[in-house]
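Contents: one structure, followed by commentary.
Owing to the predicted nature of the structure, the values given are computational and were not obtained by experimental measurement.
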Amino acid sequence: MNGILASIPMRESTVRRCGGVALTGTLVFVAVAVVVQWLRPDLDWLDAPLSFYLLGGYGHVLQAAYVVLACALVCLGGGFYGALRREARSLAPWSLFSYAASALVVTALAHSNLPGHAPTLQGLVHGVAAQAAFLGATVAMLLQSWRLRDDARWRSRFRFAFALALVCFVGLWVDAIWKGMPRGLEQKLLIALIVCWLLCAAWWLWRARDQADE
């Protein structure tokens, strides 16, 4: 399947459009997440993870932003698949971005468990989906960054992209194991790192002059 798809050229305009959609979707998510936290003074942003903001006031708006970010992930993976030369292409990053996107949608729709309330099946699904989204996205970032080194036109982006993706991957495990800072702050720092990588990658795609195969 990878060989068949790799032989199909993607037009420069399509690559740039994928980058534009990914960039816009990620920016929309960031803007909505920040505004919703500002509009919810009943939650302490240092202690409350982003999942808590999916419940209650403005929760539906944040849910929609999660779905928008999921679409951005799929477009980003597809854009890079089309942007790289045939020999540098791999379905693995795109598949993992799509997997993370699917998990992100489940995370948005399944309500999380809340402190002081009995755990629920829906809360379990939310927790598993959230971790799957984080893991899928960070591994996809690592693989996609590594693929850049196989294309001379993208090689200059490799070191920064891979280093930041590696920091995100390590940060994911630090967040899962170490509980040395407020839960909400720790999670949001990780999200900020991931978003930074996504914005950089989407910007590169959007500004690419001619990354598609002729």
Side-chain angles (χ1 to χ4, degrees), residues 16-80 93-114 120 122-141 144 164-165 168 171-172 175 182-206:
R16 286 172 56 86
R17 192 173 296 115
C18 286
V21 171
L23 182 63
T24 302
T26 305
L27 288 173
V28 167
F29 170 78
V30 172
V32 171
V34 170
V35 171
V36 167
Q37 289 181 82
W38 180 71
L39 292 173
R40 292 289 305 275
D42 56 308
L43 294 174
D44 184 350
W45 72 274
L46 289 174
D47 290 320
L50 202 56
S51 297
F52 288 6
Y53 292 87
L54 290 166
L55 308 174
Y58 309 103
H60 293 309
V61 178
L62 187 57
Q63 284 179 324
Y66 269 60
V67 175
V68 170
L69 180 60
C71 295
L73 291 177
V74 175
C75 286
L76 188 70
F80 269 108
W94 192 4
S95 299
L96 283 169
F97 276 126
S98 299
Y99 163 77
S102 300
L104 195 61
V105 172
V106 175
T107 301
L109 298 180
H111 291 178
S112 64
N113 290 322
L114 294 173
T120 65
Q122 189 170 187
L124 175 63
V125 171
H126 173 91
V128 172
Q131 292 305 314
F134 275 122
L135 185 60
T138 52
V139 173
M141 289 156 53
Q144 189 64 80
L164 183 54
C168 293
L172 172 62
D175 178 62
R183 180 184 176 192
L185 177 61
E186 191 172 357
Q187 185 208 58
K188 288 163 192 174
L189 286 175
L190 174 60
I191 293 174
L193 287 171
I194 293 174
V195 163
C196 182
W197 189 97
L198 295 175
L199 287 175
C200 288
W203 175 263
W204 295 338
L205 274 182
W206 185 51

Please round to the nearest 0.5 Å and tell me the distance separating atom [atom1] of [X] and atom [atom2] of [Y].
X: Leu199; Y: Leu76; atom1: CG; atom2: CG; result: 10.0 Å
X: Leu69; Y: Leu27; atom1: CG; atom2: CG; result: 10.5 Å
X: Leu23; Y: Leu205; atom1: CG; atom2: CG; result: 10.0 Å
X: Ser51; Y: Asn113; atom1: OG; atom2: CG; result: 10.0 Å
X: Leu193; Y: Thr138; atom1: CG; atom2: OG1; result: 11.5 Å

Using the test ring pair (Phe, Tyr, Trp, His ring centres under 6.0 Å), find all partners of Phe80 that sit at least two apart in sequence or belong to another chain. Trp154

Can you check whether [X] reaches [Y] side chain to side chain, under 4.5 Å on heavy atoms?
X: Phe134; Y: Ile191; value: yes
X: Leu55; Y: Ser112; value: yes
X: Pro49; Y: Phe52; value: yes

May I have all residue pairs that pass salt bridge (charged side-chain N to carboxylate O under 4.0 Å, His left out) and include part of residues 29-56, sequence neighbours excluded? Arg40-Asp42

Could you pull out all residues at least two apart from [X] that satisfy side-chain contact (heavy atoms from CB on, under 4.5 Å)?
X: Ser98; answer: Val74, Trp94
X: Val139; answer: Leu96, Leu135, Leu143, Phe169
X: Ser95; answer: Leu91
X: Val106; answer: Val125, Ala129

Minimal non-hydrogen separation, [X] against [Y], with atom names:
X: Cys75; Y: Cys18; result: O-CB, 3.5 Å
X: Ala33; Y: Leu62; result: CA-CD1, 4.0 Å
X: Phe97; Y: Ala137; result: CE2-O, 4.1 Å
X: Ala70; Y: Ala101; result: O-CB, 3.3 Å
X: Cys196; Y: Leu164; result: SG-CD2, 4.0 Å
X: Leu109; Y: Gln63; result: CA-NE2, 4.0 Å

Under 3.5 Å: donor-acceptor pair, side chain of Gln144, backbone of Pro93: no

Test of understanding: with side-chain hydrogen bond (donor to acceptor under 3.5 Å, both in side chains), list the residues that count as partners of Gln187, not counting sequence neighbours. none

Would you list the pairs meeting ring-ring contact (aromatic ring centres under 6.0 Å, His included) in which at least one residue belongs to residues 27-48, sequence neighbours left out? Phe29-Tyr66

Taking only residues at least two apart or on different chains, which pairs with a member in residues 193-202 satisfy side chain to side chain donor-acceptor pair (under 3.5 Å)? Ser145-Trp197

What pairs of residues pass the side chain to side chain donor-acceptor pair (under 3.5 Å) test when at least one of them lies in residues 24-37, not counting sequence neighbours? Gln37-Lys188

Yes or no on side chain to side chain contact (heavy atoms under 4.5 Å, CB included) for His126 and Leu54, after CA distance, side-chain angles and deciding distance? CA-CA 11 Å; His126 173 91; Leu54 290 166; 4.0 Å; yes

